[in-house]
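So you know, we letter chains A, B, ... as the sequences are listed, proteins then strands, and number each from 1.
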2 protein chains.
Amino acid sequence: MAGGRVTVIDIAKAAGVSKSTVSLVLQGSPLVNEGTRVKVSAAMRELGYVYNRGAATLRQTGAKSKIIGVVVNDLTNSFFAELAVGVDMVVQSAGFVQFLSNTSESIDRQREVIASMREHGISGLIVSPARATEAADFKPLVAAGIPVVVAVRSLPGAKVSSIVSDNHEGTAAAVRHLASLGHRRISFLGGFPNTAVFAERLTGYRDAVVEVGLGFDDELIVSSAPSRAGGADAIARTMAMGNPPTAAVCFNDAVAFGVCDGLRARGMEPGRDFAVVGFDDVIEAQTAVPALTTISVDPQGMGRRAAQLLLKQINAGKVEAENVTAAVRLVVRESCGAAQRKSREELA
Amino acid sequence: MAGGRVTVIDIAKAAGVSKSTVSLVLQGSPLVNEGTRVKVSAAMRELGYVYNRGAATLRQTGAKSKIIGVVVNDLTNSFFAELAVGVDMVVQSAGFVQFLSNTSESIDRQREVIASMREHGISGLIVSPARATEAADFKPLVAAGIPVVVAVRSLPGAKVSSIVSDNHEGTAAAVRHLASLGHRRISFLGGFPNTAVFAERLTGYRDAVVEVGLGFDDELIVSSAPSRAGGADAIARTMAMGNPPTAAVCFNDAVAFGVCDGLRARGMEPGRDFAVVGFDDVIEAQTAVPALTTISVDPQGMGRRAAQLLLKQINAGKVEAENVTAAVRLVVRESCGAAQRKSREELA
DNA sequence: CTGTTAGCGCTTTCAC
DNA sequence: GTGAAAGCGCTAACAG
């Protein structure tokens, strides 16, 4: 039983029919007689037949197997583990299986695993790119007609589908949250003004500030490098103002960390003396700074959406790349909610 | 370029050689001329050739693809995510790719994904079984000559390799730890006496108790169902004794939770008033009860070991099932260490 | 060292 | 409805 694999021809012989009839049964074709069908099925069960999907894929023109590749940059981070779970859910129920690989932010490994996946004939790829991934890295894939969905991190000029956080709604939700806590002067800190992401997030902030009836003050927008150092710099400049804010919506979580640093440097405790909200770009905020409110997405939901997006493209043959945004939610930490509430009372 | 896949014959034509020469180059055979090799390689690069591993696998007798399946019962639990990362490391460096699926403790889904993996011709399987998995569920796989490694949870009478925590060393380490904190009366709580796991853990406890010079007292061993309710029951009976212990090594983490419940019910705070150590069976302790010391394994390390075990079997053809134990470590939580230290001072 | 030939297990026309 | 034959892309024997 070890070497002797049982094939369609074996079960054809056992059932007293021909190869192709068995094949039709396998595909659930209506062309085959009911009696024949059960006879064949019985033989398959009896002989312990297992379908050889590789052979089938080979024969089919186009040679697409029912495999979709998933590549994440850090599976150790539970955000990405959840993302993978979300993907797996829809992928499985669509009859596909999931190749999952972890790159640990290594661009070389990313290249390797994607190459390996291609050799195995994946019919689509979902990837949360490692840092420093170039848009061009996916050119060969799309040229070969393999749909790609980039998730979590957007890729500059790649002509592939993507799913990232809803930038506009994220900062807007943050502003509404802070306003509901009583804050009247809310700043927008960090980021380089000449990027699309910055524009979206700033517009969300601006729209919400107006919406909640706070006057819009240009002075409250302080750009900087989108880094931890940049955040520290931005908060320093902000606090030097005549009428400083009591809260900040930060361009991303790296900036938020820097803002916290800067606050502490001046003897203020973030969350207690000054409310800060970070935007989960790098997805590290969850563990790094517990006393921080963050704008995040539901990772499983994002995974499901990504998979749906991909399957749509696979089934539709080839479609234009589609860029969608994932709904965000505000994650207010316990340690932070109480503190921010206190800051409201002081302001009242 | 979309439909027209480039094949060995294309590159043979382009390089002015024959199919099989190309094949030899692909496999890095030393039989081929250096000049020919570079010519062929150049053609491959130029035409954007991608190796069709499915076709190769099909042709090879035995039909084993370079895929190994990994099935975990809860990828949402970071323990298993880490395990998968560990597996991926060694699997990738051995030139295999990883099919990863999550069963969410569903035995039906587990059956499905394993069937699917078989159809894709996995050459081995690493599985952390869903609850209620039967040993017989893996019979077909081993009959087909596909090596299986069961990890984390042991499977009663399955004739497959397994890697689980080192039971003896785990409870022994717990006893040594508690003794070093000053505890003199340490109980062993929970579990059904007639199982192999119970025997191993109890022996570890007993050996260490003797080793550290504490008299062995039969009264301190209180068995119960290996569940939360069982733990509550066990601690209740224990505290009713004339000379109650000050610490407990629990059969598993479910029991430990129950012990904590029971402690609180009598106005005692686990960790502060009574030291409790859980054994990570279900791997939920990490988040569930922060003030608890647990006996755990390094998940990535376990994943690597599991993968090595599997690869060994794959390369060796067919081997006897091998049962190995993974080294454990004591995870002492901050909130707990201080508390337990205090309890030592009181005892001193 | 390189070319020819024959399949791996399956699907797919096309006859019967 | 069912059978016969061809071939997917690759490797494995043999010849040259």
Side-chain angles (χ1 to χ4, degrees), chain A residues 2-41 43-44 47-67 118-123 144, chain B residues 2-41 43-44 47-67 118-123 144:
Chain A
R5 192 180 183 73
V6 26
T7 83
V8 278
I9 194 163
D10 293 320
I11 82 114
K13 211 171 297 172
V17 296
S18 87
K19 255 193 340 173
S20 38
T21 306
V22 176
S23 182
L24 292 179
V25 171
L26 246 20
Q27 309 171 213
S29 165
L31 297 172
V32 61
N33 211 336
E34 184 57 25
T36 319
R37 181 202 256 36
V38 295
K39 214 164 44 182
V40 169
S41 305
M44 294 200 301
L47 299 188
Y49 172 73
V50 322
Y51 185 61
N52 186 336
R53 207 167 278 275
T57 298
L58 179 58
R59 184 59 180 83
Q60 256 139 205
T61 9
K64 294 280 189 261
S65 98
K66 297 277 259 179
I67 303 176
R118 279 203 72 183
E119 294 186 354
H120 282 282
I122 53 169
S123 36
Chain B
R5 193 179 184 73
V6 26
T7 82
V8 277
I9 193 164
D10 293 320
I11 83 112
K13 212 171 297 172
V17 296
S18 87
K19 259 196 333 178
S20 39
T21 305
V22 176
S23 183
L24 291 178
V25 171
L26 247 20
Q27 310 169 214
S29 165
L31 297 172
V32 60
N33 211 335
E34 185 56 27
T36 318
R37 180 203 261 31
V38 296
K39 214 163 48 182
V40 170
S41 305
M44 296 200 300
L47 299 188
Y49 172 73
V50 321
Y51 185 61
N52 185 336
R53 209 166 277 275
T57 299
L58 179 58
R59 184 59 180 86
Q60 255 139 207
T61 9
K64 293 282 189 261
S65 96
K66 296 278 258 181
I67 303 176
R118 279 203 71 185
E119 294 187 353
H120 282 282
I122 53 169
S123 37

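Here the side chains of A/Thr7 and A/Asp10 are in contact, with some heavy-atom distance below 4.5 Å. Within the 4.5 Å cutoff, the side chain of B/Leu58 has heavy atoms near those of the A/Asn52 side chain. Within the 4.5 Å cutoff, side-chain heavy atoms of A/Leu26 are placed close to those of A/Val8. The closest side-chain heavy-atom distance from A/Val22 to A/Tyr49 is not below 4.5 Å.
Taking 4.0 angstrom as the limit, A/Thr21 places a side-chain polar atom (N or O) nearer than this to OP1 or OP2 of D/dG3. For D/dG9, neither phosphate oxygen OP1 nor OP2 lies less than 4.0 angstrom from any side-chain nitrogen or oxygen of B/Thr7. For A/Gln27 and C/dC10, the shortest distance from a side-chain N or O to OP1 or OP2 is not below 4.0 Å.
Separation of atoms CG (B/Leu31) and CG (B/Asn33) is listed at 11.0 Å; rounding is to 0.5 Å. To the nearest 0.5 Å, the span separating OG on B/Ser41 from CD1 on B/Ile11 amounts to 8.0 Å. In this structure, A/Ile67 CD1 and B/His120 NE2 are separated by 5.0 Å, a value rounded to the nearest 0.5 Å.
Between the base of D/dA4 and the side chain of A/Ser20 there is a donor-acceptor pair shorter than 3.5 Å. Between the base of C/dG7 and the side chain of B/Arg59 there is a donor-acceptor pair shorter than 3.5 Å.
B/Arg53 pairs by the salt bridge (Lys or Arg N to Asp or Glu O under 4.0 Å) definition with A/Glu119, not counting sequence neighbours.
Contacts between residues 28-36 of chain A and DNA chain C, defined by a heavy-atom separation below 4.0 Å, involve no residue at all.
Minimum atom distance to the side chain of B/Leu24 is reached by C/dT2, of the listed D/dC10, C/dT2, C/dT11. Among the nucleotides D/dG3, D/dG9, C/dC10, the one closest to any side-chain atom of A/Leu58 is D/dG9. Relative to the side chain of B/Ala55, the nucleotides C/dT4, D/dC10, D/dT2 differ in distance, and D/dC10 lies closest.
Stem analysis of DNA chain C (at least three stacked-register Watson-Crick or G-U pairs, each with both distances under 3.5 Å) gives C:1-4 with D:13-16, C:6-16 with D:1-11.
A donor-acceptor distance shorter than 3.5 angstrom exists from the side chain of A/Ser123 to the backbone of A/Ser65, with no hydrogens or angles considered.
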